[in-house]
Amino acid sequence: MHRDRQIQRAMIILVLLSLFIRAFLAAFLEFGNDEVYYWTYALYPDLSHFDHPPMVGFLIQITTLDLLLSSEFFIRLGAVLLGTLNVWLVYLIGKHIRDSLTGFYAALLYTGSIYAFIIAGTFILPDTPQLSFWLLSIYLMIRSIAGPVSKASKGYLLFAGLSVGFALLSKYTSAFLLAAAFVYVLLYNRQWLKTKELYLSALMALLIFSPVIVWNMNNDFISFTFQSDRIGIFDAGFRSDFFLTELGGQMLYNNPVNFFIAVIALVAFFRKKKFIDRNTGRLLLLTSLPLIFLFLFFSLFRHTLPHWTGPAWTTLIFLSAAFLREVGIRKNREKLFPGSIVVSLSALLIVLILGFLQIRGGMLYSDKGDRPENLGEKDISLDMYGWRQLSKEFEYIVSQEEETGNIDPYSPVISHRWFPAANIDYYLAAPLGIKVLGLGSLDALHKYAEITENRGGFETGMDAWYVTVSRDYKDPEGIYGPYFDEISLAYTIPIYRNGKHVMNGFVFYLKDMTPATSNQ
């Protein structure tokens, strides 16, 4: 009883500390390329979008009061709140699997995960709502199909259908939840096949997901096609470098300590060590290992991203927590903070501190470049720095152009790709009421092809701005030379961090658009 109260107090401290750190990072860090792009999902809400289902946009609309509160903090607030609530949800799952100490271990391991704490739990991405609904679905499936059929378990299964549906509305990889549930029932608990709740639950999930299907039907299945092309292997050759990058990324994103604990726990489970209920363990493995191994397989041929398997590795946290609990019992050392978990949390803390110092102050590395156009090109921390400075300078430029008259200062900004289009839109253009239009291929523009159409497109003879930065410099002459009669560099803007010149912004005039372009 005393231990349970101690754990509850520790959980409250963990949740509050987690909330504070997430909120601090959300307020003081600029958006990354992906995050600011998903702002457009709230700016132009729809049943679905080119890249992903709509849930992340809905979440942003809720936390910003439909973009009335448009700062980085409020746009990320959904991630801050859900990421913090997930700590408690993970604790409840672990507690149900074994006991409260197992739940606490799970919550600590979850907190130590770079993917769970930062990528999905602080930054605003489709992974943010997906991970919450993924974890809720795991909890409800454990309470239902992992046990005998009863009135209570049937109710949990129906709620699981709702949760899986909302997970599907967040990200397509949530389909692995449905697949895992049916494979588990077929292999280990066939009595559920005789219940109407199993089929009703699946139907509910598909009904919730149906707006995405309808949107794709009305848009030539463009989102499904785009995602399938990202993992297509038939036209690709064998790439061991991609595989090693994916494997290393999975290890780093989920914290190397968590990774190795999970591997050890998996080995113990397959060796039939008794530290978790076998049915629960099987369900956890079916909802995690197929996703992990599938993307490792794809990475043998195509470039993949390590965070795609994040929910799967988060699922294995429960196996790891139960294993650590059993180790503690056998060694008669039931510590609140086992050494391995302390190392895991320490690793996360180091990443948070060094990452923040690098992004905000450039304390560890600064790429000097060999010319103004590539200054900072190799410094990945600049992906989340400099746009606020550039915004202030661009506002000044627009005010200057109102006097000089070289160009209509409220001419649109034209971009060739979804990033930096979204960065420019959020930080430079939207605050001034200027449009950002995309001119390029659909594969490069993504949602900005639709946004450009909604904003009226192009007109013959129009002038425009073009903005690029040395971190990702693209010469407009090479991209838009045939489309404008005159292209010239108007302003070069130095970006400083901690007193050091770390990057340049370049603002170009694009004058007199040709008739051929305006018809695109």
Side-chain angles (χ1 to χ4, degrees), residues 53 55 59 82-100 102-103 106-107 110 116 120 127-209 276-291 310-319 321-322:
M55 184 61 77
L59 181 60
L82 288 180
T84 304
L85 287 172
N86 287 350
V87 177
W88 195 266
L89 178 56
V90 166
Y91 165 74
L92 292 178
I93 296 171
K95 182 179 179 181
H96 176 76
I97 287 175
R98 184 155 183 169
D99 58 19
S100 60
T102 303
Y110 173 88
D127 300 67
T128 299
Q130 183 201 27
L131 187 57
S132 294
F133 288 116
W134 182 286
L135 290 169
L136 181 59
S137 300
I138 294 291
Y139 176 70
L140 293 168
M141 287 195 297
I142 290 173
R143 297 296 299 263
S144 56
I145 60 174
V149 176
S150 67
K151 184 177 180 180
S153 61
K154 288 179 180 179
Y156 283 120
L157 184 56
L158 292 177
F159 281 113
L162 293 174
S163 182
V164 170
F166 287 119
L168 286 167
L169 275 185
S170 304
K171 204 168 181 182
Y172 294 124
T173 48
S174 301
F176 280 84
L177 289 168
L178 273 179
F182 277 99
V183 171
Y184 176 84
V185 167
L186 286 173
L187 293 179
Y188 303 113
N189 207 345
R190 291 192 183 92
Q191 60 179 319
W192 281 99
L193 293 173
K194 300 176 183 179
T195 67
K196 64 180 183 297
E197 284 78 12
L198 178 69
Y199 308 100
L200 183 57
S201 178
L203 179 61
M204 290 165 64
L206 293 175
L207 284 175
I208 293 172
F209 182 63
I276 191 171
D277 173 73
R278 296 300 294 179
N279 288 333
T280 299
R282 288 164 177 161
L283 182 58
L284 293 176
L285 264 56
L286 284 172
T287 51
S288 57
L289 294 186
L291 182 58
W313 282 104
T314 305
T315 302
L316 289 177
I317 281 174
F318 304 111
L319 200 72

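Here the structure is a predicted model, which is why all the values come from computation and not from measurement.
When the side chain to side chain donor-acceptor pair (under 3.5 Å) test is applied to Asp99, the partners found at least two apart in sequence or on another chain are Thr102, Arg325. The side chain to side chain donor-acceptor pair (under 3.5 Å) search around Thr314 returns none, not counting sequence neighbours. Scored by the side chain to side chain donor-acceptor pair (under 3.5 Å) test, Ser174 finds Gln130 as partners (sequence neighbours excluded). Listed by chain and residue number, nothing satisfies the ring-ring contact (aromatic ring centres under 6.0 Å, His included) test with Phe176 (two or more places apart in sequence, or in another chain).
Note that CZ of Arg98 and CG of Asp277 are 11.0 Å apart. Values are rounded to the nearest 0.5 Å. Rounding to the nearest 0.5 Å gives a distance of 9.0 Å between CG of Leu162 and CG of Leu140. Rounding to the nearest 0.5 angstrom, the gap separating the CG atom in Leu135 from the CD1 atom in Ile317 is 8.5 Å. Annotation: the span from Leu92 atom CG to Asn86 atom CG amounts to 11.0 Å, rounded to 0.5 Å. Between Thr315 atom OG1 and Leu289 atom CG the span is 9.5 Å, to the nearest 0.5 Å. Here the CZ atom belonging to Phe209 is positioned 8.5 Å from the CG atom belonging to Leu206, to the nearest 0.5 angstrom.
Evaluation of the side-chain hydrogen bond (donor to acceptor under 3.5 Å, both in side chains) test over residues 137-154, restricted to residues two or more places apart or in two chains, returns Ser137-Ser163, Tyr139-Arg143, Arg143-Tyr156, Ser150-Ser153. Residue pairs meeting the side-chain hydrogen bond (donor to acceptor under 3.5 Å, both in side chains) criterion with at least one partner in residues 175-200, sequence neighbours excluded, are Asn189-Gln191.
Across Ile142 and Leu283, no two heavy atoms sit closer than the pair N-CD2, 3.9 Å. Heavy atoms only, all atoms of each residue included: Ser132 and Leu82 are closest at OG-CB, 3.4 Å. Across all their heavy atoms, Ala146 and Asn279 have their closest contact at O-CB, 3.6 Å. Taking every heavy atom of both residues into account, Leu316 and Ser288 meet most closely at CD2-OG, 3.3 Å. Taking all atoms of both residues into account, the shortest heavy-atom contact from Val90 to Ala107 is CG1-N, 3.7 Å. Summarising the geometry of Ala106 relative to Phe318, their closest heavy-atom pair is CB-CD2, 4.1 Å, with the distance given to 0.1 Å.
Side-chain atoms of Ser201 come within 3.5 Å of backbone atoms of Leu157 as a donor-acceptor pair (strictly under, hydrogens ignored).
In this structure, Arg282 and Leu187 have side chains that are not in contact, with every pair of non-hydrogen atoms separated by 4.5 Å or more. At a threshold of 4.5 Å between non-hydrogen side-chain atoms, the residues Ile208 and Leu168 do not count as touching.
For Phe159, the CZ atom is loosely surrounded, since the number of other residues' heavy atoms within 6.0 Å does not exceed 12.
For the residue pair Trp134 / Ser170, no side-chain donor-acceptor distance below 3.5 Å is found, with atom types taken as modelled.
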Verdict with supporting geometry, Leu319 and Ile97, side chain to side chain contact (heavy atoms under 4.5 Å, CB included): CA-CA 9 Å; Leu319 200 72; Ile97 287 175; over 6 Å; no
